[in-house]
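The structure displayed is predicted, hence computed values, not measured ones.
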Amino acid sequence: NNGAPNSSAGPDTDTRQSPGRWAVPDEVKERFVSVGRSYYFADGARAFQDRGKRLVSDTENTEVIRSLLKIAQERGWSDITVSGSERFRSEVWQQGQRAGLRVRGHRPNEAEQVRLARDLSAIYKWRGQSFSGTIRGNPGTGKGAGQLAYTSSPLFGPVRGVMGST
């Protein structure tokens, strides 16, 4: 058994998977304590759940969001949809843009776009490159604190934060 749930476990744990579906970067594994597919902070508070196609979090913690995005990258997700609270969507959008991910489900306001452009400009300047481009947001449609998933994957569930794939 490869540790993936069997097909009778439901739609979030479907075993029809591409390579890396359950991949989690070592740095994320080291940051959290895992019990099954749930990841916890050292104090015992749950950080997030890994449902294969979705990553679900009850927190808007910046480090958790960073970890969710690292998992998304490890799994080869490049186009994700986020839903949930404004703060969760905003943070996923900001960090996702910096990581080169297409993030849908959040329409950044002008201040967020300016902040991102300034941050990207500083990164490019540090690398000896120049940044010029357009930063565009996408309409937000999510409920709860946050949810992030591949755009072709339907997102359901009463959660504060979720990230997932197809």
Side-chain angles (χ1 to χ4, degrees), residues 11-14 18 20-25 27-28 31-32 37-39 41 45-127 129-166:
D12 285 340
T13 55
D14 184 357
S18 60
R21 169 150 179 220
W22 297 100
V24 176
E27 66 184 279
V28 175
R31 183 175 295 134
F32 302 100
R37 297 274 179 219
S38 293
Y39 291 77
F41 291 104
R46 186 166 57 201
F48 65 93
Q49 290 180 299
D50 184 348
R51 296 183 180 172
K53 292 183 178 185
R54 298 188 307 161
L55 301 170
V56 180
S57 180
D58 292 333
T59 180
E60 297 172 335
N61 179 290
T62 300
E63 285 304 311
V64 170
I65 292 170
R66 185 172 292 124
S67 295
L68 297 177
L69 289 168
K70 287 190 179 294
I71 293 170
Q73 289 178 301
E74 181 80 8
R75 294 179 182 179
W77 304 352
S78 59
D79 194 355
I80 55 180
T81 298
V82 64
S83 65
S85 72
E86 178 64 28
R87 183 190 181 297
F88 184 88
R89 291 191 329 257
S90 175
E91 188 67 27
V92 169
W93 183 82
Q94 290 282 336
Q95 289 190 37
Q97 293 294 310
R98 287 186 192 97
L101 298 172
R102 181 173 182 185
V103 179
R104 300 174 192 242
H106 177 67
R107 181 173 301 198
N109 61 36
E110 186 174 348
E112 290 172 315
Q113 292 179 29
V114 168
R115 185 175 114 201
L116 179 62
R118 184 177 43 233
D119 290 351
L120 290 176
S121 181
I123 290 168
Y124 279 84
K125 184 176 179 182
W126 179 79
R127 293 179 180 167
Q129 301 169 330
S130 62
F131 170 76
S132 64
T134 303
I135 298 170
R136 292 191 177 139
N138 298 299
T141 59
K143 307 264 184 203
Q147 174 167 304
L148 193 134
Y150 266 123
T151 56
S152 61
S153 176
L155 306 173
F156 302 100
V159 296
R160 295 194 68 205
V162 177
M163 180 159 77
S165 78
T166 55

Exercise: identify the closest heavy-atom pair between Ile71 and Pro25: CG1-CD, 3.7 Å

Heavy-atom closest contact (Leu101 atom, Leu69 atom, distance): CD1-CD2, 3.7 Å

With sequence neighbours excluded, residues passing salt bridge (Lys or Arg N to Asp or Glu O under 4.0 Å) with Arg66: Glu63

Main-chain N/O of Glu60 paired to Arg87 side chain as donor or acceptor, under 3.5 Å: yes

Distance-minimising heavy-atom pair for Trp22 and Gly52: CZ3-N, 3.3 Å

Note, Val82 side chain near Phe88 side chain (heavy atom, < 4.5 Å): yes

Sequence neighbours excluded, every pair satisfying ring pair (Phe, Tyr, Trp, His ring centres under 6.0 Å) that has a member inside residues 47-76: Phe32-Phe48, Tyr39-Phe48

Residues that Ser38 engages under side chain to side chain donor-acceptor pair (under 3.5 Å), provided they are two or more places apart: none

Side-chain donor or acceptor of Arg75 paired with backbone N/O of Ala23 under 3.5 Å: yes

Any Asn61 side-chain heavy atom under 4.5 Å of Glu91 side chain: no

Glu112 side chain reached by Gln94 side chain, heavy atoms, under 4.5 Å: yes

Min side-chain heavy-atom separation Gln95-Thr62 under 4.5 Å: yes

Expected output: side-chain Gln97 to main-chain Leu116 donor-acceptor under 3.5 Å: no

Main-chain N/O of Gln49 paired with Arg37 side-chain donor or acceptor, under 3.5 Å: no

Glu74 side chain near Val24 side chain, heavy-atom distance below 4.5 Å: no

